[in-house]
Amino acid sequence: MQWEPVIGLEIHTQLATESKIFSGATTAFGAEPNTQACALDLGLPGVLPVLNKAAVRRAVQFGRAIGAEIAPRSVFARKNYFYPDLPKGYQISQYELPVVGRGRVEILLGDGALKTIGITRAHLEEDAGKSLHEGFPGSQGGMTGIDLNRAGTPLLEIVSEPDMRSPEEAVAYARKIHQLVRWIGISDGNMQEGSFRVDANISLRPKGEEKLGTRAEIKNINSFRFLQKALALEIERQTDILRDGGEVIQETRLYDADKDETRSMRTKEEANDYRYFPDPDLLPLELDKAFIDTATAELPELPDAMRHRFLAQYGLNDYDAALLTASLAMAGYFEQLTSGCGDAKLAANWITGPLAAALNKAELDIADSPVGAEQLARLLQRIQDKTISGTIAKQVFEAMWAGDGDADQVIEARGLQQITDTGAIEAMIDSIIAANPQQVEQYRAGKEKVFGFFVGQVMKQSQGKANPQQVNALLREKLRGKLREKLEG
Ligand code: ADP
Ligand code: MG
């Protein structure tokens, strides 16, 4: 029998706010443990939560970016469970009435086709603290520490429909959401710091069957590579069970990257285990149209819309358009470069070529590129006005990257100006023809290929600086002359 994987993701993304969702403590990452948790985050009695408007605005913005309904009234609920990093004994979340309703995003599949993935809902909640198992006094003795700095950091939990059918689709969807939350600026999406975490639900069913199979949930995956691996492993594990006539049990599993396996954490709890009930300390969240409209007006042009505009406005191909809209910083760079040099195709080639290679090698984001769009535009202008050739431009670019100054300074300092003086190029050609009688003879004998040899010699003698079009034209003229000499002589 053939088994079909069915995957749905729950993505937790920390919202980029200064302070926590229900307290005034800072959300900055990386402080000494327990220095950024106030009485409320510690779950002390006598304090009340106050909802952070900025967190709500970001949730609304996400909803609008996925074409979802924003609930005019949503409710915060207590999700009750015990864990050492949750001192209150409950997490404030949204359950029955989430702020963001049904939406959708499009993902680009490997074969270039588009697929729509449904988003069931997105709700606001608070993050828990962290258990530390190493790297503090006492951990050597097997003790576990608790850091509550993270407690109360605003989270948006984005729940997808079970619409994905392979690990690749799941990764494409997760990447899409990651791109989107960063694009609209609601989260830094930093996966190393835990700002963007994925829980993957996966089940198998016989191909053609409608009914969903029993799923396992793999918790807290913090890289796209791990997501791919964990799902592939889980497909293998469940296939083995089902093939042997067994049953998959509904459970929560953990992906262990070191051992490259998933293992059971606990059998899956049911919603009613959590005794959800509306939080009596918080009023229902009521949003008026003005708030939603203002939040919406702050949204930048969205990635899909921009991709389509790039195709139409700049005549780019699908691949370049997708690449150049990978992030807002990338798209901004492209548009600035294009307006600076007036040639979208040239700009696209330079960004996806030399610039992307240099950024990759240095492991830098385009926002931190040592060569900015304006600087690069001035370099491309020197190709366009024929001061230098494209090949020399790559050399100049490397120097600019290394901090040797702007394009004109590098060209000047290294004497890289293109040689366009016909007399000078002719003189070089003459000396090369004189020095290579054998090749001239071959050319006369009809061996067209030696033409390339002559071009190479001129470029070599001019250190790459002779204008290639002129070299070609003059060389052809001179060699034809030699041919005529022979025929006439
Ligand atoms: P829970 O309340 O346990 O979190 P939900 O119904 O909210 O469960 O679903 C959580 C996620 O699991 C969603 O992304 C959903 O698409 C996915 N999911 C639900 N059932 C299945 C299934 N049988 N196989 C794969 N994914 C599933
Ligand atoms: Mg859930």
Side-chain angles (χ1 to χ4, degrees), residues 3-13 62 66 68 74-75 77-81 90-91 93-105 107 115-125 127-128 155-178 180 196-221 227-228 230-239 241-242 246-255 262 264-277:
W3 299 96
E4 176 183 57
V6 174
I7 301 166
L9 302 186
E10 294 162 284
I11 295 178
H12 291 89
T13 188
F62 178 78
I66 59 162
S74 62
V75 171
R78 290 186 179 181
K79 179 180 182 179
N80 299 278
Y81 67 96
Y90 60 86
Q91 176 195 29
S93 181
Q94 295 189 309
Y95 180 55
E96 276 169 351
L97 292 172
V99 60
V100 175
R102 237 164 231 289
R104 72 213 56 84
V105 289
I107 58 169
K115 175 169 177 173
T116 300
I117 305 294
I119 292 173
T120 318
R121 58 186 279 166
H123 58 258
L124 278 164
E125 60 184 28
D127 210 343
L155 286 180
L156 189 67
E157 177 172 339
I158 303 157
V159 183
S160 86
E161 290 290 301
D163 282 349
M164 290 144 274
R165 296 289 173 267
S166 67
E168 291 70 30
E169 287 186 16
V171 169
Y173 166 76
R175 281 190 184 279
K176 180 79 193 194
I177 297 294
H178 188 249
L180 191 58
F196 191 91
R197 321 191 288 264
V198 179
D199 298 343
N201 293 270
I202 172 161
S203 61
L204 299 186
R205 64 181 173 191
K207 201 149 184 117
E209 168 73 56
E210 280 280 318
K211 211 173 130 254
L212 296 179
T214 305
R215 71 183 141 134
E217 176 173 3
I218 314 163
K219 278 275 180 207
N220 265 328
I221 303 169
L227 176 60
Q228 164 94 34
L231 286 170
L233 282 170
E234 197 50 30
I235 289 172
E236 237 174 78
R237 188 187 69 88
Q238 293 187 15
T239 307
I241 294 174
L242 295 170
E247 265 177 45
V248 173
I249 47 170
Q250 183 162 330
E251 63 182 351
T252 301
R253 299 180 71 84
L254 191 80
Y255 172 64
T262 69
S264 182
M265 265 168 86
R266 56 177 187 258
T267 55
K268 174 77 183 169
E269 61 291 333
E270 297 291 339
N272 56 16
D273 294 333
Y274 287 116
R275 293 141 50 229
Y276 277 101
F277 65 89

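Numbering of ligands and ligand atoms starts at 1, following listing order. Computed from a prediction, not measured in an experiment: that's the story for all the values here.
His123 contributes atom NE2, which lies 12.5 Å from atom CG of Leu97 (distance to the nearest 0.5 angstrom). A distance of 4.5 Å separates CG of Leu231 from CD1 of Ile7, quoted to the nearest 0.5 Å. Annotation: the span from Phe277 atom CZ to Asn80 atom CG amounts to 5.0 Å, rounded to 0.5 Å.
Atom 1 (P) of ligand 1 has its nearest heavy-atom neighbour, among Met164, Glu217, Arg215, in Arg215. If you check each of Pro162, Pro5, Gly8, Gly213 against atom 23 (N) of ligand 1, the one with the closest non-hydrogen atom is Gly213.
Partner of Val6 under the side-chain contact (heavy atoms from CB on, under 4.5 Å) criterion, chosen from Arg205, Glu209, Arg215: Arg205.
Near Val6, meaning under 4.0 Å from one of its heavy atoms, ligand 1 places the atoms 24 (N), 25 (C). In summary, the atoms of ligand 1 found under 4.0 Å from a heavy atom of Val159, numbered by their order in the structure, are 13 (C), 14 (O). Atoms of ligand 1 lying under 4.0 Å from any heavy atom of Glu161, numbered from 1 in the order shown and given with element: 16 (O).
Between Asn201 and ligand 1, at least one N/O pair is under 3.5 Å apart. For ligand 1, the polar-atom distance check against Ser160 finds a nitrogen or oxygen pair separated by under 3.5 Å.
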| query | Can you list the steps and then say if Ile119 with Arg102 is a side-chain contact (heavy atoms from CB on, under 4.5 Å)? | reply | CA-CA 6 Å; Ile119 292 173; Arg102 237 164 231 289; over 6 Å; no
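Under the 4.0 Å criterion applied to side-chain N and carboxylate O atoms, Arg253 and Glu251 are assigned as salt-bridge partners.
Contacts between Leu9 and ligand 1 below 4.0 angstrom, taking non-hydrogen atoms only, involve the backbone exclusively.
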